[in-house]
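Reading through the structure tokens given below for one structure.
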Protein chains: 2
Amino acid sequence: MNLKELSRHLGLSQTTVSRALNGYPEVKEATRQRVLAAARTHNYAANNRAKNLATGQAMATGHVIPLSSRHEMMNPIFGDFIAGAGEVYSKNGYEMILSIANDDDEARVYRDLKAKGTVDGIIVHGPKLNDDRIALLNEIGLPFLVHGRASGITAPYSWLDVNNRSAFKRATDFLLDLGHRKIALINGLETMDFAYRRRDGYHRALEERGVRSDPDIMRSDEMTEFFGYRSACEMMMLDVPPTAYLVSSIISAFGVRRAVEGAGLKIGKDVSIVTFDDALSYLRNGEDVPIFTAARSSVRDAGRRSAELLLQLIRTNNTSPLSELLEAELMVGTSTGPVNNG
Amino acid sequence: MNLKELSRHLGLSQTTVSRALNGYPEVKEATRQRVLAAARTHNYAANNRAKNLATGQAMATGHVIPLSSRHEMMNPIFGDFIAGAGEVYSKNGYEMILSIANDDDEARVYRDLKAKGTVDGIIVHGPKLNDDRIALLNEIGLPFLVHGRASGITAPYSWLDVNNRSAFKRATDFLLDLGHRKIALINGLETMDFAYRRRDGYHRALEERGVRSDPDIMRSDEMTEFFGYRSACEMMMLDVPPTAYLVSSIISAFGVRRAVEGAGLKIGKDVSIVTFDDALSYLRNGEDVPIFTAARSSVRDAGRRSAELLLQLIRTNNTSPLSELLEAELMVGTSTGPVNNG
DNA sequence: TGAATTTTCCAAAGCGCTTTGATAATTGCT
DNA sequence: AGCAATTATCAAAGCGCTTTGGAAAATTCA
């Protein structure tokens, strides 16, 4: 069933039917009801492609997932971010288009998205230091919002980020307050902006207290469970092993936990663990009592909010960039305690 | 830049330019090269909406993610599945459209996808027992492929599934061979087809050996880490606790591990654990030596293969349904050993 | 009651592409 | 050279919608 058929069926012009369906005022209420009823019974809905062609809007947003061919890693936070964003999109009648791009042809993906008019706006995932995608997108001229930020980029752009620096500063302070001085940092890949900022927060906290940072107890890699496990295993072999671990992802934190418990140590007593917690739906940090003391910020909320901001950018075209900084919340669990230099 | 401008610029008709771009034979090679070069320099690509309107194809597939409002759970395997599928789509010039649907309006989402012509085909995620979406989609008449199956549905449909029953039968046999008789089952929600089949495989193995199944050591829920932890904690309090755990997800398996180690027991010695392993990219089951003995089947591969099958369904319309059954591979790790009735 | 509004509806153009049916330019053959 | 066959190009219709610029019908006002 298409508009022509429906309107003929109703004995009305396409114009009137279209207007009735789209809520324009210049159609009699009785007529509108008649049209709506007919549309419902015939299961009619305006063809998307035709509608979008006529209006010049794609009514879709793009999420480009960079998938480095080396790591073949799907960011675990991705699912929840998408869930949050998707909620907002569907509420606003937007489709969400996902593109998987290996990093070598990512630029082409963005260019195509623009040239083909597939989307009205883009969310950029996983920004790196000096990320060149920002310049590219500014040049292309498609509204976009970065989930995270890109240190080193001076050009203006819209972003939504968690305050990673303050979260890690705060977490480190918390451990320092408990008397810890050997605090390991199990961080994400430090080419990624979030990881860079987290390390910075960690450093600043140490510096403020005059604690020297020790490269032997700092690691940076893809945040798998195994990475946490391996890192902790290695560090426990040191002459002076860490008394506390600050971990960038709850997944790796589980790995650290496994290593520590495997070594027969008691968490929260012999060794403390603090982690960043994205509040992933399938990796909840405990139910009532948090498993880990954690700096928590829901990535699902971030997804929701990012989508809202992007839609705003699309609607109010070429205004000045938008940005929003979310603060993580420190939740004290059972994985931390006073230093034990037993 | 659009086709009209480009063709005027080249001094050719739209027809010729369009044909040159789309690889039709009735255009001189020299002309084609000239057109391609111009398209490249002007960064021209055919507008998607217009092209799809003209051809009547959406060149897009839909992935509908059911998100029950109760659980608010994003399936952790989703990211990797999508990564696999997306690879295939982009290779074939298809877009991937994600819709998040709360279960109450899921039917509407499918109907809309068809009525609006947004997609050419759909992948159905998370099939339940007697899943009524299958009848719905058959009625709607949009090509679709189910990732998984729906026991109880007799109507024909296309699917791709792992042999969950044989995987869990095999895993249970493995534990029985090691002498275990108290084998706990930490399963997913048994309204979900995969979990139902897994339990069935487990039961069959027990039955074959004349081991009575014990409801006290069977649990079924969303497969979070905490669920595994809690279940194992509770079971270890039983008069006769399990000597082995068969777990439906590596995430819950980590929870079981945490509980077991928290109780001071040694995994692979005091207690055995076997898990299903979807080979999630951020939750690798160890690097060389598997952490857990596991029935393994890559969900990324499943995503790739599902996409291929769906495209096949779309291209060769209304042929008989396609299906494919993948076998999981049992990988022996360090988490299992002979029963220890200490 | 008739003119001036206002309300309700419509025909037709246009969005940017593909594709059909025809024409113009080449080539091959005798 | 002259005609048929082939190759290369084009004008125009059509995909299903929105929207502009009117026109017809209903209502208001004097």
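What you see is a predicted model; the values in this text were computed from it and never measured. So that the names make sense, note that chain A is the first sequence line, chain B the second, and so on, each numbered from 1.
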Answer yes or no: is there an ion pair linking A:Glu139 with A:Arg111, defined by an N-O contact shorter than 4.0 Å?
yes

Bend of the helix from C:dT1-D:dA30 to C:dT30-D:dA1 from end-axis comparison, five pairs per end, nearest 10°, comes to 40°

Contact residues, residues 47-60 of chain A to DNA chain C [heavy atom, < 4.0 Å]
A:Leu53, A:Ala54

What closest approach, in Å, do A:Ala58 and A:Asp120 show between heavy atoms, and which atom pair accounts for it?
N-OD1, 2.9 Å

Atom pair distance, as rounded to whole Å: CG in B:Leu3 and C1' in D:dA12:
14 Å

Does one side chain, of A:Ser13 or A:Thr16, offer a donor that lies under 3.5 Å from an acceptor on the other?
yes

CD-CD distance between A:Glu5 and A:Gln14, expressed to the nearest 0.5 angstrom
10.0 Å

Ordered by number, residues from residues 23-39 of chain A within less than 4.0 Å of DNA chain C (heavy atoms) are A:Glu26, A:Val27, A:Lys28, A:Thr31

Closest-nucleotide ordering on DNA chain D, the 5'-leading residue of A:Arg19 and A:Gln14:
A:Gln14

Looking only at side-chain N and O atoms, does B:Thr15 come under 4.0 Å of OP1 or OP2 in D:dT9?
no

To check you understand the geometry: which heavy-atom pair defines the closest contact between A:Arg32 and A:Arg19, and what is its length?
NH1-O, 3.8 Å

Please check if the side chain of A:His42 supplies one atom and the backbone of A:Ala38 the other of a donor-acceptor pair under 3.5 Å.
yes

Which heavy atom of B:Leu310 sits nearest to which heavy atom of B:Gly121, and what is that distance?
CD2-C, 4.0 Å

Start with the C-alpha gap between A:Phe81 and A:Arg300, add the side-chain angles, then the distance that decides, and say whether side-chain contact (heavy atoms from CB on, under 4.5 Å) holds.
CA-CA 5 Å; A:Phe81 185 92; A:Arg300 183 114 161 218; over 6 Å; no

Shortest non-hydrogen separation from B:Ile153 to B:Asp131 and the atoms involved:
CD1-O, 3.3 Å

Can you give me the closest heavy-atom contact between A:Ala115 and B:Asn43, atom names plus distance?
CB-O, 3.8 Å

Filtered N/O pairs between nucleotides 23-27 of chain D and protein, under 3.5 Å:
none

Selection: residues 4-12 of chain A, any non-hydrogen atom under 4.0 Å of DNA chain C:
A:Gly11, A:Leu12

Using the salt bridge (Lys or Arg N to Asp or Glu O under 4.0 Å) criterion, which residues pair with B:Arg108? Sequence neighbours excluded.
B:Asp105, B:Asp112

At less than 4.0 Å, is any side-chain N or O atom of B:Ser18 found next to OP1 or OP2 of C:dT18? Yes or no.
yes

Are a donor atom and an acceptor atom from the side chains of A:Gln33 and A:Glu29 found within less than 3.5 Å of each other?
yes

Looking only at side-chain N and O atoms, does B:Thr16 come under 4.0 Å of OP1 or OP2 in D:dC10?
yes

B:Arg149 and B:Asp161 ion-paired at < 4.0 Å:
yes

Shortest non-hydrogen separation from A:Arg133 to A:Gly126 and the atoms involved
NH2-O, 3.0 Å

By the definition ring pair (Phe, Tyr, Trp, His ring centres under 6.0 Å), identify the one residue from A:Phe78, A:Phe144, A:Trp159, A:Phe194 that meets it with A:His125.
A:Phe78

